S.K.: 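Take a look at this one; I'll ask things after.
Predicted, not measured: the structure shown is a model, and the values here were computed from it.
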Amino acid sequence: DWMRIVKIDRLIVALSIFSGLLVSLGRSTQIYPQQISGNGNLGFLPLLLLLLLFPIGIVLMLKWIREAQLRFLSLIGLSTSTTIYLVCGILYQIEQFSQYQVLVKQQVIADRGTIDGDYLTSITSMPSPYMNSQYFNGNTFLIYWASILLMASLIAWWTREEWQISESD
């Protein structure tokens, strides 16, 4: 039993390291206000891989929860604490995003003088590579894994009778 948990642990650690590298890669595609951005946002490539790895993370975490045979109260506590972190982490990230938008706008105006408002809006909007540091950072990495953990714990909680019965047979 413990060998299966250790194997799942290793897979989860490997997946978290790989996803951390993808977050670092996404952050490295950040364009700074002094630079010219070119076309497109290369940060979407690691983002796409992270989205593809998301269900794999849920499956691995769900296997770990089941192998560890977490009890009902543990699942409730895990779900509750993960939800609290997600709410706080997302609110914090929204605030940081807003502050960074203002900073980028101020830097561009300081470097280039009066700039078209549409241009400022375009470089500080969601898909802009000028904002990649706000999509790819330590907090968003933790939000990513907290989301995986929350989904897995909720699935385990909703299906607990099925797998607890099948485990006892």
Side-chain angles (χ1 to χ4, degrees), residues 5-33 35 37 40-68 70-107 120-160 163:
I5 292 175
V6 169
K7 182 181 175 186
I8 295 169
D9 282 350
R10 289 181 180 166
L11 289 172
I12 291 171
V13 168
L15 186 63
S16 65
I17 290 171
F18 185 63
S19 62
L21 291 172
L22 289 173
V23 168
S24 294
L25 178 62
R27 186 171 179 100
S28 73
T29 63
Q30 166 83 17
I31 302 292
Y32 295 96
Q35 299 171 308
S37 69
N41 186 349
L42 294 176
F44 286 127
L45 296 175
L47 179 62
L48 178 63
L49 289 172
L50 286 166
L51 291 174
L52 292 172
L53 292 174
F54 192 80
I56 295 169
I58 292 172
V59 168
L60 287 174
M61 198 62 72
L62 185 58
K63 284 184 179 186
W64 182 84
I65 289 170
R66 288 179 176 170
E67 289 295 326
L70 294 182
R71 304 272 185 243
F72 175 74
L73 287 177
S74 298
L75 288 173
I76 296 296
L78 184 62
S79 299
T80 303
S81 60
T82 306
T83 301
I84 290 169
Y85 175 76
L86 279 172
V87 168
C88 294
I90 290 169
L91 290 174
Y92 173 80
Q93 196 60 45
I94 289 169
E95 178 60 30
Q96 290 301 303
F97 187 89
S98 295
Q99 288 179 13
Y100 193 71
Q101 280 180 315
V102 170
L103 177 69
V104 168
K105 287 177 182 179
Q106 289 172 346
Q107 285 180 335
L120 289 176
T121 300
S122 73
I123 66 168
T124 58
S125 64
M126 284 301 263
S128 172
Y130 288 94
M131 302 303 288
N132 279 357
S133 66
Q134 299 304 301
Y135 315 133
F136 301 102
N137 58 52
N139 187 46
T140 57
F141 174 76
L142 292 175
I143 289 170
Y144 177 80
W145 276 98
S147 300
I148 288 172
L149 185 57
L150 179 62
M151 293 301 295
S153 62
L154 289 175
I155 291 168
W157 183 68
W158 283 321
T159 62
R160 70 188 179 283
W163 60 268

S.K.: Testing the basics here: between Asn132 and Gln30, what is the closest heavy-atom pair and its distance to 0.1 Å?
M.R.: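 In terms of heavy atoms, the two residues are closest at N-OE1, 3.1 Å.
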
S.K.: Does the pair Leu78 and Ile65 meet the rule for a side-chain contact (heavy atoms from CB on, under 4.5 Å), with working shown?
M.R.: CA-CA 10 Å; Leu78 184 62; Ile65 289 170; 4.3 Å; yes

S.K.: Take atom CE in Met151; do more than 12 heavy atoms of anything else shown fall under 6.0 Å from it?
M.R.: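 No - once you tally the heavy atoms of other residues, nucleotides and ligands closer than 6.0 Å, there are 12 at most.
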
S.K.: Please name the pair of heavy atoms, one in Phe136 and one in Gly43, separated by the smallest distance, quoted to 0.1 Å.
M.R.: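 Minimum heavy-atom contact is CZ-O, 3.1 Å.
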
S.K.: Atom CG in Leu60, atom CZ in Arg10: separation rounded to 0.5 Å?
M.R.: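 With rounding to 0.5 Å, CG (Leu60) is 14.5 Å from CZ (Arg10).
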
S.K.: Please determine whether the number of non-hydrogen atoms from other residues, nucleotides or ligands lying under 6.0 Å from atom CH2 of Trp64 exceeds 12.
M.R.: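 Check fails, neighbour count at 12 or below.
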
S.K.: In Å, rounded to the nearest 0.5 Å, how long is the span from CG of Leu22 to CG of Leu53?
M.R.: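 Result: 6.5 Å between the selected atoms.
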
S.K.: Any idea which heavy atoms bring Gly89 and Asn139 closest together, and the distance?
M.R.: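 Closest approach of Gly89 to Asn139, heavy atoms only: O-ND2, 3.0 Å.
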
S.K.: Return yes if some donor-acceptor pair links the side-chain N/O of Ser125 with the main-chain N/O of Ser122 below 3.5 Å, else return no.
M.R.: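 Yes.
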
S.K.: Do Asn41 and Leu47 have side chains that get closer than 4.5 Å, going by heavy atoms?
M.R.: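 In short, these two side chains do not touch, never coming nearer than 4.5 Å.
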
S.K.: Picking from Ile12, Ile56, Ile8, what satisfies side-chain contact (heavy atoms from CB on, under 4.5 Å) with Met61?
M.R.: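 With Met61 as partner, Ile12, Ile56, Ile8 yield a single side-chain contact (heavy atoms from CB on, under 4.5 Å), made by Ile12.
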
S.K.: In sequence, state the C-alpha distance, the side-chain angles, and the governing distance for Trp145 and Leu15, and then conclude on side-chain contact (heavy atoms from CB on, under 4.5 Å).
M.R.: CA-CA 10 Å; Trp145 276 98; Leu15 186 63; 3.8 Å; yes

S.K.: Show the numbers, then the answer: is there a side-chain contact (heavy atoms from CB on, under 4.5 Å) between Phe54 and Leu50?
M.R.: CA-CA 6 Å; Phe54 192 80; Leu50 286 166; over 6 Å; no

S.K.: Return the minimal non-hydrogen interatomic distance between Tyr100 and Tyr130, and the atom names on each side.
M.R.: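 Closest approach of Tyr100 to Tyr130, heavy atoms only: CE2-O, 3.4 Å.
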
S.K.: With a 4.5 Å heavy-atom cut-off, do Leu49 and Leu25 have their side chains touching?
M.R.: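 Heavy-atom side-chain distance check fails, nothing below 4.5 Å.
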
S.K.: Can you measure from CG (Leu149) to OG1 (Thr82) and round to the nearest 0.5 angstrom?
M.R.: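 Here the interatomic distance stands at 4.0 Å.
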
S.K.: With no hydrogens and no angle check, is any side-chain donor or acceptor of Gln134 less than 3.5 Å from a backbone partner on Gln93?
M.R.: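 The answer is no, because no donor-acceptor pair under 3.5 Å joins these two groups.
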
S.K.: Could you check if a side-chain atom of Val23 sits within less than 4.5 angstrom of a side-chain atom of Asn137, using non-hydrogen atoms only?
M.R.: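 SC-SC contact between Val23 and Asn137 ruled out.
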
S.K.: Can you tell me how far NZ of Lys105 sits from OG1 of Thr121, rounded to the nearest 0.5 angstrom?
M.R.: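 With rounding to 0.5 Å, OG1 (Thr121) is 5.0 Å from NZ (Lys105).
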
S.K.: I want to check something: taking the side chain as every heavy atom from C-beta on, are Pro129 and Leu42 in contact at a cut-off of under 4.5 Å?
M.R.: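 They are not in contact (no side-chain heavy atoms under 4.5 Å apart), so the answer is no.
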
S.K.: Quick check for you: to the nearest 0.5 Å, what is the distance between Tyr85 atom OH and Leu142 atom CG?
M.R.: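 Between Tyr85 OH and Leu142 CG, I get 4.0 Å after rounding to 0.5 Å.
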
S.K.: Side chains of Leu70 and Trp157: does their closest heavy-atom pair fall under 4.5 Å?
M.R.: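 Of all side-chain heavy-atom pairs linking Trp157 with Leu70, none is under 4.5 Å.
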
S.K.: Any side-chain to backbone donor/acceptor pair from Thr80 onto Gly77? Under 3.5 Å, distance only.
M.R.: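 No, because the side chain of Thr80 does not come within donor-acceptor range (under 3.5 Å) of the backbone of Gly77.
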
S.K.: Go through the steps for Thr140 and Arg27 under the test side chain to side chain donor-acceptor pair (under 3.5 Å), then give the verdict.
M.R.: CA-CA 11 Å; Thr140 57; Arg27 186 171 179 100; over 6 Å; no

S.K.: Could you tell me the separation between the CD atom of Glu67 and the CG atom of Leu62, rounded to the nearest 0.5 Å?
M.R.: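 Reported to 0.5 Å precision, the distance equals 10.5 Å.
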
S.K.: Specify the closest pair of heavy atoms between Tyr144 and Ser19, including all atoms of both residues, with the distance to one decimal.
M.R.: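 Tyr144 and Ser19 have their closest heavy atoms at CE2-CB, 4.0 Å.
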
S.K.: Minimum heavy-atom separation for Ile148 to Ile58, with atom names?
M.R.: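 Looking at all heavy atoms of both residues, the closest pair is CG2-N, 3.6 Å.
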
